[in-house]
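First comes the structure, then the notes that go with it.
Nothing fancy with the numbering, it's 1 onward along the sequence. Being a predicted model, the structure only gives us computed values, none of them experimental. Excluded from the calculations below are hydrogen atoms, water molecules and symmetry mates; all remaining heavy atoms, backbone and side chain alike, are included.
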Amino acid sequence: MGKIITINSQKGGSGKTTTAQNLAASLSIKGNKCLLVDLDPQANLTLASLEYLDTDYTIYELLKGNCSFDDAVQVNEYYDIIPSYISLSKADHEFSRAGKEFLLRNALEPVKDKYDYIIIDTPASFGILSINSLVASDYVVIPMEQSFYALQGLDHLFDTIKDIQERLNKKLKIMGILLVKYTEKPAINRLLKELMDRFIKRNRIRLFETFIRESSYINKAQILQTNVVEYSPQCKASKDYMKLAHEVEGENIPDFKPAMGCY
């Protein structure tokens, strides 16, 4: 049965879309069949993956029950994708009926066995779409920039994940925190590492060994509507994402036990 991973962070510009796209491409290169779900109304993942939409249906219509999975799914060389569109921005107002938290889980359950990995890209704002992603998923990957403020922002996300675990999805686990846009800044990295070590020890959270290094090739690949692993296989970011895919396949995940007061 396929594993469903949501890429989640409540901070904009944290690399969720880049992580979702390039992790899926890297897992595909390693022989896995992958599905991407663009759950962000900005549809950046869709734009970075498809030259054009060959369907009138998106994740919005699928969640509303107005189309089948086969109607909405699109294919590129590396993965299948359920595209998004600006109409998804109406979700918080329109998805109000009982069971609204389970719309995505219900949509993906019939196709879960067709894929090795289903990876969900989420919006920065926390609402019904982010809740759906956590309820549908087996694991959460949390991309984080190397800054003190980004570390502070984890408190609210962890409270949310704990609440989802208790009420709606007991199987949900945090796969790990992923440092992205990483640069060699010895003084900053030393101080951040001290905070991260303390945080991880208290909460039993895994920090991926892989750091995604900052690279101009990532932006260039997105402009060309492809992934960085295809665009520049030998660049440092491509090597990092391939290493991350290897870690994701390993699944050495500790139990999440949030502590009171993280710092």
Side-chain angles (χ1 to χ4, degrees), residues 5-30 32-55 58-60 72-89 115 117-125 129-130 133 140-147 150 177-183 208 210-248:
I5 302 171
T6 187
I7 312 297
N8 207 302
S9 170
Q10 293 177 8
K11 184 178 181 299
S14 60
K16 293 190 296 294
T17 298
T18 301
T19 298
Q21 179 186 26
N22 290 290
L23 176 58
S26 299
L27 287 166
S28 173
I29 290 170
K30 290 171 66 64
N32 298 284
K33 184 172 178 57
C34 297
L35 169 70
L36 278 175
V37 178
D38 190 350
L39 208 62
D40 187 347
Q42 293 187 40
N44 289 333
L45 180 60
T46 300
L47 292 172
S49 300
L50 300 170
E51 292 186 18
Y52 58 91
L53 283 181
D54 190 25
T55 178
T58 67
I59 187 64
Y60 174 69
V73 70
Q74 300 284 282
V75 178
N76 74 14
E77 181 181 353
Y78 291 90
Y79 46 76
D80 294 355
I81 179 171
I82 301 294
S84 184
Y85 194 66
I86 190 63
S87 54
L88 190 61
S89 61
Y115 296 95
Y117 292 94
I118 298 175
I119 299 174
I120 306 168
D121 185 27
T122 58
S125 59
L129 295 175
S130 290
S133 74
V140 187
V141 170
I142 304 169
M144 191 189 87
E145 296 181 63
Q146 56 188 115
S147 75
I177 297 171
L178 174 68
L179 284 184
V180 299
K181 303 179 183 178
Y182 183 82
T183 58
F208 285 105
T210 304
F211 297 167
I212 307 300
R213 289 170 287 181
E214 195 166 42
S215 172
S216 62
Y217 288 102
I218 291 176
N219 290 334
K220 293 175 182 176
Q222 290 174 340
I223 291 171
L224 295 173
Q225 295 178 286
T226 188
N227 61 80
V228 73
V229 184
E230 177 184 33
Y231 178 69
S232 182
Q234 296 304 314
C235 80
K236 55 190 178 182
S238 294
K239 293 177 180 178
D240 294 341
Y241 277 114
M242 290 300 297
K243 183 180 176 184
L244 174 64
H246 181 74
E247 282 198 73
V248 167

Inspect the surroundings of CD in Gln42 and state if more than 12 heavy atoms from other residues, nucleotides or ligands are less than 6.0 Å away.
-> no

Is the number of heavy atoms from other residues, nucleotides or ligands under 6.0 Å of Tyr217 OH greater than 12?
-> no

Examine distances only and state if a side-chain atom of [X] and a backbone atom of [Y] form a donor-acceptor pair shorter than 3.5 Å.
| X | Y | value |
| --- | --- | --- |
| Ser232 | Val228 | no |
| Thr122 | Ile7 | yes |
| Glu145 | Lys181 | no |
| Ser84 | Asp40 | yes |
| Ser238 | Gln234 | no |
| Asn32 | Ser28 | no |
| Gln225 | Ala48 | no |
| Glu214 | Ala237 | no |

Please lay out, stage by stage, how Val73 and Leu35 fare under the test side-chain contact (heavy atoms from CB on, under 4.5 Å).
-> CA-CA 9 Å; Val73 70; Leu35 169 70; 4.2 Å; yes

Show your working on side-chain contact (heavy atoms from CB on, under 4.5 Å) between Met144 and Val180 and close with a plain yes or no.
-> CA-CA 6 Å; Met144 191 189 87; Val180 299; 5.9 Å; no

How long is the gap from [atom1] on [X] to [atom2] on [Y], to the nearest 0.5 Å?
| X | Y | atom1 | atom2 | value |
| --- | --- | --- | --- | --- |
| Ile120 | Leu129 | CD1 | CG | 11.0 Å |
| Leu36 | Ile82 | CG | CD1 | 10.0 Å |
| Lys236 | Ile212 | NZ | CD1 | 12.0 Å |
| Ile119 | Ile5 | CD1 | CD1 | 5.0 Å |
| Ser26 | Tyr117 | OG | OH | 12.0 Å |
| Phe211 | Leu179 | CZ | CG | 5.0 Å |

Could you tell me which non-hydrogen atom of [X] sits nearest to which non-hydrogen atom of [Y], and how far apart they are?
| X | Y | answer |
| --- | --- | --- |
| Ile218 | Arg213 | CD1-O, 4.5 Å |
| Leu27 | Cys34 | CB-SG, 3.7 Å |
| Asp121 | Ala20 | CB-CB, 4.1 Å |
| Ala124 | Lys16 | CA-NZ, 3.9 Å |
| Ser133 | Leu39 | CB-CD2, 3.9 Å |
| Ser130 | Pro123 | OG-O, 3.8 Å |

Sorted by chain and number, sequence neighbours left out, side-chain hydrogen bond (donor to acceptor under 3.5 Å, both in side chains) with Lys30 holds for Glu249

Any side-chain donor-acceptor pair under 3.5 Å between Tyr79 and Ser49?
-> yes

Can Asp80 and Tyr115 be counted as having a side-chain donor-acceptor contact under 3.5 angstrom?
-> yes

Taking the side chain as every heavy atom from C-beta outward, state whether Pro83 and Asp38 have any atom pair closer than 4.5 Å.
-> no

Find out whether Leu88 and Thr58 are in side-chain contact, i.e. whether some heavy atom of one side chain is under 4.5 Å from a heavy atom of the other.
-> no

Hey, mind stepping through Tyr78 and Asn227 against side-chain contact (heavy atoms from CB on, under 4.5 Å) and telling me if it holds?
-> CA-CA 9 Å; Tyr78 291 90; Asn227 61 80; 3.4 Å; yes

Would you mind telling me which of Lys243, His246, Glu247, Lys239 makes a side chain to side chain donor-acceptor pair (under 3.5 Å) with Thr210?
-> Glu247

Out of Ile142, Val248, Leu244, which residue meets the side chain to side chain contact (heavy atoms under 4.5 Å, CB included) rule with Leu178?
-> Leu244

Do Asn8 and Val141 pass the side-chain contact (heavy atoms from CB on, under 4.5 Å) test, and can you show the C-alpha distance, the side-chain angles, and the key distance before you say yes or no?
-> CA-CA 6 Å; Asn8 207 302; Val141 170; over 6 Å; no

